[in-house]
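See structure below.
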Number of protein chains: 2
Amino acid sequence: MVTERSDVTQILAEIFREHGYAGASLSEITNRTGLGKGSLYHLFPDGKEGMARAVLFEVADWFEENVFMPMRAPDNPDGGIDHMFTEVLRFFDTGRRTCLMGAFALDDARDRFPSEIQAYFLDWTRMLATALRRSGFEKNAAREAAEEVVAGIQGALVLARSLGDPAIFVRAIKRLRKRTGLDQQV
Amino acid sequence: MVTERSDVTQILAEIFREHGYAGASLSEITNRTGLGKGSLYHLFPDGKEGMARAVLFEVADWFEENVFMPMRAPDNPDGGIDHMFTEVLRFFDTGRRTCLMGAFALDDARDRFPSEIQAYFLDWTRMLATALRRSGFEKNAAREAAEEVVAGIQGALVLARSLGDPAIFVRAIKRLRKRTGLDQQV
DNA sequence: CTTGTTGTGTACCATTTGGTACAAATTAGC
DNA sequence: GCTAATTTGTACCAAATGGTACACAACAAG
């Protein structure tokens, strides 16, 4: 059996990504996890909302560890930014996977987890902006470029999913990576 | 009373935008439209799916008329592109409104209306790409720029909604408008 | 082996879901 | 003003929703 909370969270993330919050039914959750309601409500006493919250937390945690932390290294900011693109590409399965935060942002879940969603995007843009500054960007240019990159990633995920063409995401990453290069910073 | 199908479709669009497909309940639909189920199922014999389909069709139609058609004008392609940005800014209520197609793409609805969603984004990128070509862009550069613009718009809408800051969308439009200028076409 | 705790499955719950039936109201056409 | 068609509200439906109760299993500690 699954039994481990982190394993369950992984599956839950996948389900929420596919169906959004409202569309993720408990019946599908019990099916895909193989867990009865008893175990499920033992692991997540707050029910569906608790499950979603756990998933959101896990995603935020993953980004903190794998993207933000490396980006904070005061020396070698370019390395941190490059690393971000690599990890993001991997995280979204080269464009095959959708963004949970983005899905929730356009869904019922927005009203349920506004602060979590906001924090995710705020952290991301801020981290990237400061890294860009340290990499030589002027203050406003850094802020704007960070916004462009994060939005570009989200949009490319939407487009890739809509057209069923992950290559769109790969192209976007390449483009945005170039965008953060020092040649266009002004 | 409302009675007019187009009025109802307008309200339905708003509801689907706010809650996604799965999250839009018939009870809210009857409340917001003020129509009983009788009238609703008379107007849309296929129920909720029919309502969503009508809304999708209406959106596609709006874009066809207000964005694509002006963009097809063989002379003055720059005007068509400029016009697109203006209309898009207006359509999304300066960043306060979310994109229905994007919301559906990240939702259950994706499996229900794959061709409609695909057609929307495919039409948009293709129209824009040919306009950009006529405006002087090289073939591949035009394709790539179109992809960047459409993705950028979608991403900016996600970001603006997540952070509750419509200005993000306005900045993105300004940025992308510049991106389609002849100065960067390569 | 006993005991107490931690998990787990099943049956059940009220509520809500999307959808239907149908009679009454409204609106035509004449 | 009468009839026939179109609209509309209400009551109803089975199914599914998220959630709870609770008995039982696993398992550790003593």
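A note on names: the letters A, B, ... follow the listed sequences, proteins ahead of strands, and every chain is numbered from 1.
- Side chains of A/Arg177 and A/Thr86: a donor-acceptor N/O pair is present below 3.5 angstrom, by distance only.
- The base of D/dG9 lies outside donor-acceptor range of the side chain of B/Lys37, with no N or O pair under 3.5 Å.
- The side chain of B/His42 places an N or O atom within less than 4.0 Å of a non-bridging phosphate oxygen (OP1 or OP2) of D/dT7.
- In summary, B/Arg133 and B/Glu138 do not engage in a salt bridge, as defined by a charged side-chain N under 4.0 Å from a carboxylate O.
- Heavy atoms of A/Ala24 sit under 4.0 angstrom from primed sugar atoms or phosphate atoms, though from no base atom.
- Considering only the side chain of B/Leu26, C/dG18 comes nearest among D/dT6, C/dG18, D/dG19.
- For A/Ser25, the side-chain atoms get nearest to D/dT17 when compared with the rest of D/dT8, D/dT10, D/dT17.
- Checking the phosphate oxygens (OP1, OP2) of D/dG9, a side-chain nitrogen or oxygen of B/Ser39 falls inside 4.0 Å.
- Straight-line distance from the CG atom of A/Leu40 to the C1' atom of C/dG9: 12 Å, rounded to whole Å.
- In this structure, B/Phe44 places its CZ atom 13 Å from P of C/dG19, rounding to the nearest Å.
- Checking B/Gly36 against A/Gly38, the closest nucleotide of DNA chain D that is more toward the 5' end is the one next to B/Gly36.
- In this pair, A/Trp124 and A/Phe121 present their aromatic rings parallel. The plane angle is below 30°, not in the 30 to 60° band.
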